[in-house]
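Here you go, one structure.
Heads up: numbering here begins at 1 and tracks the sequence.
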Amino acid sequence: MVVKLYGFPVSTCTRLVALICKEKEIPYELVPVDLMEDEHKSPAFMQHQPFGQIPYIDDDGFILYESRAICRYLIEKYPTQGTLGLIPTDPQAEALFEQAASIEITNFDALAGSLMEEKVFKPFRDLQTDEARAAEYLAALNAKMDVYEGHPWKAEIPRWRGFCAPLATRMSSRARPNVARWWNELTNRPAWNAVKSGA
């Protein structure tokens with residue numbers, strides 16, 4: 001069976017799942033969900049994703065939502081297929097991966113998402129950007145990126161977490177060679193290029 005991926009083609013979380021499908025060579029069918037028409041808030045959609053958010057997958061009847069959970073599920077379901085080692089199996093390496101994943105979700109994702117909301121999503125919906133808030137988010141994000149830059153990089157930021165906020169990463173990594181190196185390695189991967197414009 002082909003994994004059905006329900007999401008908005010250019011959404012970062014939908015593309016993240018598509019990225020993992022490409023890395024792991026997992027065939028998938030994108031089932032577009034029109035956010036502009038609030039399809040993700042429809043009763044039919046919310047029957048499978050009760051929070052009304054994208055994406056979710058249907059893997060031969062197994063329904064799963066939350067992009068990070070979906071990615072981990074697919075990586076673990078297909079351990080010997082496609083790109084190997086996306087999640088390490090050595091206990092110490094796995095612990096460092098989990099540390100990096102935790103740092104990403106608690107120290108980066110919320111700020112980057114808020115910045116994206118102000119600088120990308122509001123203009124997309126013809127709403128006015130609050131430049132003062134955007135500046136606050138960017139300043140806080142830059143402080144976090146300074147920590148990333150000074151990190152010894154024993155545990156890479158998970159390779160598959162690049163879609164958390166491309167705009168914010170680009171805005172924040174220009175003067176940081178370690179972050180820029182990570183970003184360049186990520187964005188030069190064939191799987192990234194396959195889904196960078198949409199799942």
Side-chain angles (χ1 to χ4, degrees), residues 1-90 93-94 97-98 100-102 104-105 108-109 112-113 116-117 120-121 124-125 156-167 169 182-199:
M1 292 289 294
V2 172
V3 172
K4 290 186 177 180
L5 171 58
Y6 291 79
F8 191 61
V10 296
S11 123
T12 56
C13 292
T14 301
R15 287 186 293 154
L16 173 59
V17 174
L19 172 73
I20 293 303
C21 287
K22 295 290 186 183
E23 288 280 3
K24 298 302 289 176
E25 299 173 3
I26 302 166
Y28 70 95
E29 173 192 348
L30 177 66
V31 181
V33 177
D34 191 342
L35 300 184
M36 302 303 116
E37 296 296 323
D38 284 336
E39 284 183 15
H40 58 304
K41 301 299 184 184
S42 71
F45 184 90
M46 292 182 70
Q47 177 182 352
H48 299 293
Q49 213 299 2
F51 297 101
Q53 299 167 332
I54 56 167
Y56 78 83
I57 63 167
D58 180 340
D59 184 19
D60 197 21
F62 176 65
I63 306 297
L64 187 63
Y65 52 87
E66 291 298 321
S67 59
R68 289 170 180 84
I70 295 168
C71 291
R72 287 170 183 263
Y73 165 74
L74 294 172
I75 290 167
E76 291 179 18
K77 183 174 180 180
Y78 299 96
T80 60
Q81 183 173 310
T83 304
L84 305 179
L86 291 176
I87 298 176
T89 55
D90 170 78
E94 185 178 5
F97 169 89
E98 293 295 345
S102 179
E104 181 269 330
I105 197 169
F108 180 82
D109 194 60
M116 291 279 289
E117 173 66 23
V120 176
F121 301 130
F124 184 74
R125 296 189 311 263
E156 297 287 340
I157 301 169
R159 281 185 280 181
W160 49 272
R161 280 308 304 153
F163 279 118
C164 52
L167 171 70
T169 304
W182 167 80
W183 179 251
N184 290 333
E185 287 175 5
L186 176 73
T187 57
N188 284 317
R189 296 179 69 78
W192 171 280
N193 287 297
V195 300
K196 71 179 179 183
S197 297

- Item | Pairwise side-chain contact, W192 with L19, heavy-atom cut-off 4.5 Å (strictly under) |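 Counting from C-beta outward, W192 and L19 do come under 4.5 Å.
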- Ring centres of Y56 and F45 under 6.0 Å apart?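 Y56 vs F45: aromatic centres under 6.0 Å.
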- Message: Return the CD to SG distance between E66 and C13, rounded to the nearest 0.5 Å.
- Response: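 Those atoms lie 8.0 Å apart.
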- Quick one: does H48's side chain get under 4.5 Å of Y65's, heavy atoms only?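 When only atoms from C-beta onward are counted, Y65 and H48 do not touch, as no gap falls below 4.5 Å.
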- Verdict with reasoning, K77 to D59, per side-chain contact (heavy atoms from CB on, under 4.5 Å): CA-CA 11 Å; K77 183 174 180 180; D59 184 19; 2.6 Å; yes
- Output yes when K24 and E76 qualify as a salt bridge under the 4.0 Å nitrogen-oxygen rule, no when they do not.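 Answer for the salt bridge query: no.
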- Query: Closest heavy-atom contact between L30 and G7?
  - Reply: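 It is CD1-O, 4.1 Å.
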- Query: Can you list the steps and then say if K196 with T187 is a side-chain contact (heavy atoms from CB on, under 4.5 Å)?
  - Reply: CA-CA 9 Å; K196 71 179 179 183; T187 57; over 6 Å; no
- How close do E39 and V33 get, heavy atom to heavy atom, and via which atoms?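 Closest approach of E39 to V33, heavy atoms only: OE1-CA, 3.7 Å.
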- Query: Shortest non-hydrogen contact from K22 to A191?
  - Reply: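 Closest approach of K22 to A191, heavy atoms only: CB-CB, 3.7 Å.
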- Main-chain N/O of E37 paired to D34 side chain as donor or acceptor, under 3.5 Å: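 Checked: pair present.
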- Task: Locate the shortest heavy-atom distance separating A18 from Y28; write the atom from each residue and the value.
- Result: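 In this case the closest contact between A18 and Y28 is CB-OH, 3.4 Å.
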- Task: Compare every heavy atom of R15 with every heavy atom of V195, then report the nearest pair and how far apart it is.
- Result: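 Closest heavy-atom pair between V195 and R15: O-CD, 3.1 Å.
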- Query: Distance from E23 atom CD to T83 atom OG1, nearest 0.5 Å?
  - Reply: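 Here the interatomic distance stands at 3.5 Å.
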- Drop me the distance from Y6's OH to I63's CD1, to the nearest 0.5 angstrom.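 If we round to the nearest 0.5 Å, Y6:OH and I63:CD1 are 7.0 Å apart.
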- Query: Roughly how far apart are I54 CD1 and L35 CG, rounded to 0.5 Å?
  - Reply: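 Interatomic distance, I54 CD1 to L35 CG, rounded to 0.5 Å: 4.0 Å.
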- Task: Considering only NZ, NE, NH1 and NH2 on the basic side and carboxylate oxygens on the acidic side, decide whether E94 and R72 come within less than 4.0 Å.
- Result: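 Not counted as a salt bridge, because no side-chain N and carboxylate O are separated by less than 4.0 Å.
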- Task: Enter the distance from S67:OG to I57:CD1 here, rounded to the nearest 0.5 Å.
- Result: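 If I round to the nearest 0.5 Å, the distance is 11.0 Å.
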- Enclosure of F124 CZ (heavy-atom neighbours >12, cutoff 6.0 Å):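 Not more than 12 within 6.0 Å, no.
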- Looking at side-chain heavy atoms only, is the closest gap between C21 and L5 below 4.5 Å?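 Not touching, per the 4.5 Å side-chain cut-off.
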- Item | Nearest atoms (heavy-atom pairs only) where V17 meets I70 |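 Of all heavy-atom pairs spanning V17 and I70, the closest is CG1-CG2, 3.6 Å.
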- Query: How long is the gap from CD1 on I75 to CD1 on I87, to the nearest 0.5 Å?
  - Reply: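 Answer for the CD1-CD1 pair, I75 versus I87, is 4.0 Å.
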